Amino acid sequence: ASVAMGFDYNPDFNGTQQEGAGLYQQTIKEGKRHSAAAAFLVPILQRRNLTITTGALVTRLLFEGTRTVGVEYLHEGMLHQVRVEREVILSAGAFDSPKLLMLSGIGDAAHLQTLGISVVVELPGVGQNLQDHIFSPVVYQATQDLHFASTSSIGEAGLFLHSKWNSAVAPDLQFLFGSIQLLPPSYAPAAFGFTGAVALTHLQNIGSVGLRTPDPKDTPMLRMNYLQNETDVKKLVEGIKLMRQLFHSNFFDEFRGAEIAPGAEVQSDEALVAYIRNNCSTVWHPVGTCKMGIDPMAVVDPELRVHGVEGLRVVDASIMPTITTGNTNAPTIMIGEKAADLIKAGRTARTVLSKSNVQNPAYSSI
Ligand SMILES: Cc1cc2nc3c(=O)[nH]c(=O)nc-3n(C[C@H](O)[C@H](O)[C@H](O)COP(=O)(O)OP(=O)(O)OC[C@H]3O[C@@H](n4cnc5c(N)ncnc54)[C@H](O)[C@@H]3O)c2cc1C
């Protein structure tokens with residue numbers, strides 16, 4: 001339907017151009033979604049130098065001066081401490097990595113002091129720069145069973161495009177198609193229908209993560225700031241209109257039942273804006289709260305080491321300076337792969353250095 005409407009067919013969203021319609025690449029193995037744990041951890045569970053503790057809540061990082069020396073965690077009601085020889089790698093995601101840094105004394109000094117947390121290093125960027133994707137769904141009943149597979153990722157086909165407000169290289173609208181009803185407000189998938197999710201890839205507003213209390217068991221305070229920008233709302237309105245046009249093309253004639261959301265009666269721009277404001281959802285892609293960079297608001301350097309402290313890296317979606325123009329899971333796996341390369345390269349460099357120390361005592365103080 002998209003190609004018939006004039007959009008390019010795109011066989012590879014990660015190829016030479018992102019614009020166009022096609023099928024998403026997915027982390028699927030033998031017909032099932034393949035998580036990072038299944039792909040990377042399960043195959044090495046038997047390694048003797050690997051210990052995994054599940055059901056543990058990390059409560060803070062431990063420091064001696066500005067050197068990270070370990071981690072404190074709560075497990076089965078008991079507080080434990082584990083010390084590290086080399087470094088701590090923090091991968092708690094875009095909400096909890098900044099939360100743990102702040103609980104450990106790394107963040108905006110004024111914010112930490114209001115909660116009585118001693119400052120180890122002032123890094124005002126911790127928890128700032130929160131970015132996410134949001135979507136509004138267009139949902140139809142189907143006139144026949146579309147045989148939705150319970151192992152489907154729901155959004156299997158899609159379309160990236162530029163709205164008329166976008167002069168950047170990256171598309172600002174993403175459409176995801178799934179042969180299932182994904183109906184607000186619960187968004188619990190239900191069979192016998194189809195959904196086109198209209199998503200914004202680069203929202204104009206930036207949010208933040210802060211602490212509500214110094215108690216690690218408390219959830220952090222999230223300021224998402226969705227839809228503060230009128231152009232973002234207009235883009236969603238135009239996206240819903242386009243989605244409806246696609247669903248009303250003859251390709252959908254044999255499948256199309258009644259429109260359930262926004263609903264056939266929701267036609268004017270004002271009614272669509274109200275629908276969007278009442279029903280839009282996150283695409284669950286938070287990033288950016290421990291951003292990589294070398295400016296004063298950066299939290300980690302280009303090798304993912306936290307500025308101002310030793311022995312601590314952040315490796316997760318929080319380090320993205322800018323959100324990706326599409327889903328975040330594969331880019332986050334790439335961040336993990338890159339971090340592994342950086343860590344291994346650092347160890348090789350240290351080994352070479354320590355060997356040369358033996359040969360040249362002048363360097364023994366390094
Ligand atoms: C419902 C949902 C659907 C999604 N669908 C897609 C999709 O279809 N495609 C896509 O590309 N992306 C999808 N995403 C986004 C994708 O899952 C994330 O971008 C990715 O998982 C981010 O990885 P991360 O390592 O930064 O954080 P996470 O995967 O969130 O990992 C952080 C981990 O740290 C743990 N943790 C946090 N705090 C602590 C603590 N104090 N102590 C101990 N452990 C802690 C958490 O339990 C979690 O296991 C989806 C996300 C959600 C929530």
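Any value given below was found using the heavy atoms of this structure, including those in side chains, with hydrogens, waters and symmetry copies removed. For ligands, and for the atoms within them, numbers begin at 1 and follow the listed sequence. Nothing here was measured: the structure is a model prediction, and the numbers come from that model.
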- Task: Determine whether more than 12 heavy atoms belonging to other residues, nucleotides or ligands lie under 6.0 Å from atom CZ of R212.
- Result: yes
- Item | Neighbouring protein residues of ligand 1 - any heavy atom closer than 4.0 Å | R33, A56, L57, V58, S91, A92, G93, D96, L100, W284, H285, D316, A317, N327, T328, N329, T332
- Message: Surrounding CD of Q144 (heavy atoms of other residues, nucleotides or ligands, distance under 6.0 Å), is the total greater than 12?
- Response: yes
- Single-linkage hydrophobic cluster, 4.5 Å side-chain cutoff, L74 and V71 together: no
- Just checking, any donor-acceptor pair under 3.5 angstrom between side chains of Q128 and D108? no
- Message: My understanding is that only residues two or more places apart in sequence, or in another chain, count here; which of them pass side-chain contact (heavy atoms from CB on, under 4.5 Å) with K241?
- Response: V237, E238, D269, L272
- Would you find more than 12 non-hydrogen atoms of other residues, nucleotides or ligands less than 6.0 Å from I44 atom CD1? yes
